[in-house]
Amino acid sequence: MLSNGMIVEAKGLVKTFAGREVIRNCSIHLPQGKIYGFLGPNGAGKTTVMKMLTGLLKPTAGTAKVLGMDILTQRDQVLSRIGSLIEVPVFFEHLSAQKNLDLHLAYMNMEERDASQVLEMVGLSHTGQQPVSTFSLGMRQRLAIARAIVHKPQLLILDEPINGLDPLAIREMRVLFKSLVNDHGMSILISSHIISELEYIADIIGIILNGTVVCEETMTDIQAQFENGLEEYFFKVTNGGTESA
Ligand SMILES: Nc1ncnc2c1ncn2[C@@H]1O[C@H](COP(=O)(O)OP(=O)(O)OP(=O)(O)O)[C@@H](O)[C@H]1O
Ligand SMILES: [Mg+2]
């Protein structure tokens, strides 16, 4: 299905808001079965790019192929095969976690799937009939991750998914993301502000500065070239660390 093994291939993306170009000549390459860590300072354009890849925003120019399909002309086919978590998730607040996932599956025409297993995977199986309105920030984030994976997508697009999670939960999610790739054949595009977090899980790092991905490098190459790993690489690329991740 994929002509060149790329699960995401964006070329020359541009996004202009009210005449201001915030994404320019931006290209991304995510090979199948890999975790792509998307790193960049505040306002660099991570969320905007992820929104274009999930059909939430239309690029001003450029092309984006997701799972070998054009996100503009084959949007619905793409959307049924990807899972995403971008910005603050919205839930049916008066309903339980299980019911929220069941409704999502119904919406995706996949009622036969069992959501309870996924609740277990994200550590929410104890919540029973508890309405989402009573969930803590971390519980909501776990539920958002559950919703992104419950329909067994081929690609996950996660915009800062570990926001609000405690250290134990971060470690649990890291193990979960790895297992989604290794045991379930998914590919993942994940953004984070936490350099060490991406260093633990990413196979490839893409750094975005001022709306352009300025480099894509494998973690193996980064670790081979930089004694202090990803942080050293990031600060070199961003010119001495005047900008923060
Ligand atoms: N709807 C919008 N209208 C106008 N400008 C926007 C809009 N959405 C994003 N921008 C601008 O586009 C630029 C990129 O924003 P974006 O949210 O993609 O950055 P980011 O890398 O996700 O940042 P952060 O790390 O803070 O989440 C910013 O300058 C932002 O102000
Ligand atoms: Mg963002």
Side-chain angles (χ1 to χ4, degrees), residues 8-30 35-66 71-72 75 78-79 82-91 137-138 140-145 147-148 155-165 169-170 173-174 177 188-202 204-217 230-231 233-245:
V8 174
E9 187 177 29
K11 275 192 195 147
L13 284 180
V14 175
K15 184 67 193 176
T16 306
F17 289 116
R20 190 173 143 243
E21 204 174 60
V22 301
I23 303 297
R24 65 201 87 204
N25 192 23
C26 186
S27 299
I28 290 193
H29 305 85
L30 165 54
I35 301 182
Y36 186 115
F38 197 24
L39 197 57
N42 288 133
K46 300 177 295 294
T47 300
T48 305
V49 167
M50 287 174 145
K51 283 182 173 174
M52 291 194 281
L53 296 178
T54 50
L56 291 170
L57 279 177
K58 195 169 175 270
T60 307
T63 55
K65 279 196 162 183
V66 178
I71 186 65
L72 287 181
R75 185 171 178 270
V78 173
L79 292 189
I82 67 176
S84 63
L85 165 49
I86 296 177
E87 301 204 313
V88 182
V90 176
F91 301 111
L137 180 63
R140 300 177 80 88
Q141 202 67 5
R142 287 166 187 256
L143 181 57
I145 292 166
R147 188 171 59 188
L155 167 68
L156 268 182
I157 296 186
L158 305 170
D159 192 14
E160 301 189 40
I162 59 170
N163 266 359
L165 296 179
I170 288 176
M173 292 307 136
R174 187 191 307 151
F177 296 155
I188 303 182
L189 174 63
I190 179 173
S191 76
S192 177
H193 284 275
I194 303 170
I195 290 183
S196 62
E197 188 48 38
L198 292 183
E199 186 157 39
Y200 280 130
I201 63 167
I204 298 163
I205 294 290
I207 296 180
I208 181 168
L209 296 177
N210 294 317
T212 305
V213 171
V214 294
C215 53
E216 292 181 311
E217 194 83 63
L230 182 55
E231 187 172 56
Y233 175 68
F234 178 78
F235 287 132
K236 179 189 160 264
V237 171
T238 57
N239 286 324
T242 46
E243 296 172 285
S244 65

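Every number for a ligand or one of its atoms is a count from 1 in the order of the listing.
A 4.5 Å side-chain heavy-atom check between Tyr200 and Ile194 finds every atom pair outside the cut-off. Inter-residue side-chain proximity for Glu216 and Ile28 is flagged as met; some heavy-atom pair is nearer than 4.5 Å. Two residues are said to be in side-chain contact when any heavy atoms from C-beta on lie closer than 4.5 Å; Met52 and Ile71 fail this criterion. In this structure, the side chains of Pro89 and Leu143 stay at 4.5 Å or more apart for every pair of heavy atoms. Put simply, the side chain of Tyr36 does not reach to within 4.5 Å of the side chain of Val8, judged on heavy atoms. For the pair Leu85/Gln141, a side-chain contact is recorded, criterion being any heavy-atom separation below 4.5 Å from C-beta on. Residues Lys15 and Leu13 have side chains not in contact (no heavy-atom distance under 4.5 Å, counting atoms from C-beta outward).
Using 4.0 Å as the threshold, Lys51 has no heavy atom nearer than that to any atom of ligand 1. Under a 4.0 Å heavy-atom criterion, Gly40 is not in contact with ligand 1. Contact analysis leaves Gly211 out of contact with ligand 1, as no non-hydrogen atom separation drops below 4.0 angstrom. Distances from ligand 1 to the non-hydrogen atoms of Met50 include no value under 4.0 Å.
The nearest protein atom to atom 26 (O) of ligand 1, hydrogens excluded, is given as Asn42 ND2, 3.0 Å; this is a heavy-atom distance. The protein non-hydrogen atom at the shortest distance from atom 14 (C) of ligand 1 is Gly43 O, 3.3 Å. In terms of protein heavy-atom proximity, atom 19 (O) of ligand 1 is nearest to Gly45 N, 3.2 Å. Counting protein heavy atoms only, atom 27 (O) of ligand 1 is closest to Glu160 OE2, 3.6 Å. The protein heavy atom nearest to atom 15 (O) of ligand 1 is Thr48 OG1, 3.7 Å. Annotation: atom 25 (O) of ligand 1 to nearest protein heavy atom, Lys46 NZ, 2.8 Å. Counting only heavy atoms of the protein, atom 17 (O) of ligand 1 lies nearest to Thr47 CB, 3.7 Å.
Polar contact with ligand 1: absent for Val22 (N/O pair, distance under 3.5 Å). Residue Phe17 has no nitrogen or oxygen atom sitting less than 3.5 Å from a nitrogen or oxygen atom of ligand 1, judged on distance alone. At least one N or O atom of Ala44 sits closer than 3.5 Å to an N or O atom of ligand 1.
Glu199 places a side-chain N or O within donor-acceptor distance of the main-chain N or O of Leu230, the cut-off being under 3.5 Å.
With rounding to the nearest 0.5 angstrom, the SG atom of Cys26 is 11.5 Å from the CG atom of Asn210.
There is no protein heavy atom closer than 4.0 angstrom to atom 30 (C) of ligand 1.
Every atom of ligand 1 with a heavy atom of Arg20 under 4.0 Å away is listed here by number and element: 29 (O).
By the criterion of a heavy-atom distance under 4.0 Å, the backbone of Pro41, and not its side chain, is placed next to ligand 1.
Considering Val66, Leu189, Ile35, Leu53 as possible partners of Leu30, the one that fulfils the side chain to side chain contact (heavy atoms under 4.5 Å, CB included) test is Leu189. Considering Leu56, Ile157, Leu155 in turn, Ile157 is the only one that fulfils the side chain to side chain contact (heavy atoms under 4.5 Å, CB included) rule with Ser84.
Residue contacts to the Mg ion (ligand 2): Ser191 brings no N, O or S atom closer than 2.8 Å.
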